[in-house]
Amino acid sequence: MTAENFINTPPSLPVRRPANPIIAPPRPPLPPGAKPLSNTISAPPRPPSAAIAPPKIKPREAEVARRREALAEAGTGDPKSTASMMGTAIKNSAKSIPLLLKKYWWLALIIGVGWLLLAIWEPIGLAVKYPALRGVINFLTPIIGVLILVTAAYNNWVARSLYALIVFKVGIPLVQRIRKEGIGPVFKSFASVVPGLKSNWSECAVNALPVYIGMVGVGLALSNFLTRNNSSDKVLVSIALAISLVKTLSDGKKSMPFMATRVISRDIFKLVKKDNSVKNHHIYLGIGGVMTGLLGAIVLMLTRNLPQGDFLGYFLGAAVFIGVVVVYFVKARKKATADSVQAGN
């Protein structure tokens, strides 16, 4: 191997000279008291179109707020009289019912057709005589029974109308709220009803038991009416109404039943020329009593085979309510007599 085959010098990279830095020309001196330009302008001015717009209110929310304001007479408190409240409620219902039907027409159609088909099911079942068709009828009978219970198809028209109103005004919004917030927060708001009953019971003091028991009687009588004499296939309306009252209690004193009770009780006491002693804690406890009485439909349907079992809710409700009223007036009379004797002494 010759010397020409060896590399005696290491390789070297080409050297690139750095470019000469560009130096900005010196700024002219500022007059005394003037600030640099970079400190005076922080951001370019916004055009008028870029201004922050106020949050948009959905038409439905605006309509609900308008109705509540009208029902409360422009935010001045409760309506002035029962007649004024009823008039405003009728006007609002006349506007809200078409909106509900327009939005949920398909659900209303399903319910209406379902009620019609279930109403004619029993005559059709009795008219079928062929053994093969009788087998189909017997197979479908339990399923039809469940549908009758769930849809309240055999209840009276008052109960069915109330049931449909609960579905549209309570059931659907409750499902939407669960989908939006989750079942945990919704259940927590409903669970607050039990502590609320305890605290309002304490506020009612000696009047707690009469108010609660008396309204339990009202709930029992109302349940007897809604279930068409305590029938087991009609009991769901009473339970649904009780659940809607749970929502009413969780909504608090601004809900419609609270306001209606305040207005009606005020007019009643004004008619008898007495001071209105009905407060929100009395209403809360009274609604809780009605809710308990409505849930009593589960017991009433089990006692239907007893003598006069079809009307047991009416009898028990009337007896309880009248008994509480009598006890209340007796205590009031005794207290008035004791006060007069003490004043005489």
Side-chain angles (χ1 to χ4, degrees), residues 57-101 103 158-159 161-174 177 189 193 196-197 199-200 203-204 207 210-212 214-215 218-219 221-222 225-226 240-291 293-294 321 325 328:
I57 300 177
K58 297 181 180 179
R60 176 175 173 77
E61 295 177 357
E63 180 66 16
V64 171
R66 186 196 65 77
R67 289 182 196 148
R68 288 180 178 174
E69 185 179 4
L71 196 58
E73 293 194 352
T76 58
D78 292 343
K80 297 179 180 179
S81 64
T82 303
S84 174
M85 179 186 66
M86 293 298 295
T88 307
I90 291 173
K91 292 179 182 178
N92 290 342
S93 299
K95 293 180 180 179
S96 63
I97 290 176
L99 293 176
L100 284 174
L101 293 177
K103 185 175 183 180
V158 176
S161 301
L162 181 62
Y163 186 70
L165 184 63
I166 292 173
V167 169
F168 287 118
K169 299 293 289 185
V170 178
I172 294 177
L174 182 60
R177 182 183 172 191
S189 66
V193 169
L197 286 172
S199 62
N200 284 277
E203 290 188 42
C204 289
N207 294 324
V211 170
Y212 183 79
M215 298 313 292
V218 173
L222 181 59
F225 170 75
L226 293 176
L241 182 57
I243 294 174
S244 69
L245 291 182
V246 174
K247 182 181 182 301
T248 296
L249 293 179
S250 66
D251 289 343
K253 62 183 180 180
K254 294 183 180 180
S255 60
M256 180 67 181
F258 273 80
M259 184 190 66
T261 306
R262 287 195 300 265
V263 174
I264 295 173
S265 62
R266 184 181 61 197
D267 286 354
I268 292 175
F269 279 93
K270 186 184 296 184
L271 186 64
V272 298
K273 298 180 180 180
K274 299 286 185 179
D275 293 334
N276 185 9
S277 58
V278 177
K279 306 300 180 184
N280 284 323
H281 48 269
H282 298 117
I283 300 173
Y284 194 103
L285 202 60
I287 293 176
V290 174
M291 179 182 66
L294 289 169
F321 185 78
V325 170
Y328 174 80

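For the numbers below, each heavy atom of this structure counts, side chains included, while hydrogens, waters and symmetry mates do not.
- For the pair Asn200 and Gly196, the tightest heavy-atom approach, listed with the atom from each and the gap, is ND2-O, 2.6 Å.
- Residues Asn276 and Lys279 come closest through the heavy atom pair O-NZ, 3.8 Å.
- Evaluation of the side-chain contact (heavy atoms from CB on, under 4.5 Å) rule for Leu162 yields Ile166, Leu226, Leu241 as partners, not counting sequence neighbours.
- Judged as a side-chain hydrogen bond (donor to acceptor under 3.5 Å, both in side chains), and not counting sequence neighbours, the contacts of His281 are Glu203.
- Separation of atoms OG1 (Thr248) and CD1 (Ile243) is listed at 12.0 Å; rounding is to 0.5 Å.
- The shortest heavy-atom contact between Phe225 and Val158 is CE2-CG1, 3.9 Å.
- The distance from atom OG of Ser93 to atom CG of Leu165, rounded to the nearest 0.5 Å, is 8.0 Å.
- Rounding to the nearest 0.5 Å places CG of Leu285 at 9.5 Å from OG of Ser199.
- Annotation: Phe168, atom CZ; neighbour count of heavy atoms from other residues, nucleotides and ligands within 6.0 Å is above 12.
- We find the CG-NZ distance between Leu100 and Lys169 to be 5.5 Å, quoted to the nearest 0.5 Å.
- Side-chain atoms of Ile287 and Pro257, non-hydrogen and from C-beta on, do get closer than 4.5 Å to each other.
- Between Tyr284 and Val193 the shortest side-chain heavy-atom distance falls below 4.5 Å.
- Contact between Met215 and Gly286 at its shortest, heavy atoms only, is CB-O, 3.3 Å.
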For residues 265-275, run the donor-acceptor check on the side chains, cut-off 3.5 Å, and write out each pair with its distance to 0.1 Å, sequence neighbours left out.
from   : atom 1 : to     : atom 2 : distance (Å)
Ser265 : OG     : Thr261 : O      : 2.8
Ser265 : OG     : Arg262 : O      : 3.0
Arg266 : NH2    : Pro79  : O      : 2.3
Arg266 : NH2    : Lys80  : O      : 3.1
Asp267 : OD2    : Thr82  : N      : 2.7
Asp267 : OD2    : Thr82  : OG1    : 2.6

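- Rounding to the nearest 0.5 Å places CD1 of Ile264 at 7.5 Å from CE of Met86.
- Taking all atoms of both residues into account, the shortest heavy-atom contact from Ala89 to Met256 is CB-CE, 4.4 Å.
- Pro98 approaches Ala94 most closely through the heavy-atom pair CD-O, 3.0 Å.
- Note that CG of Leu197 is 7.0 Å distant from OH of Tyr212, once rounded to the nearest 0.5 Å.
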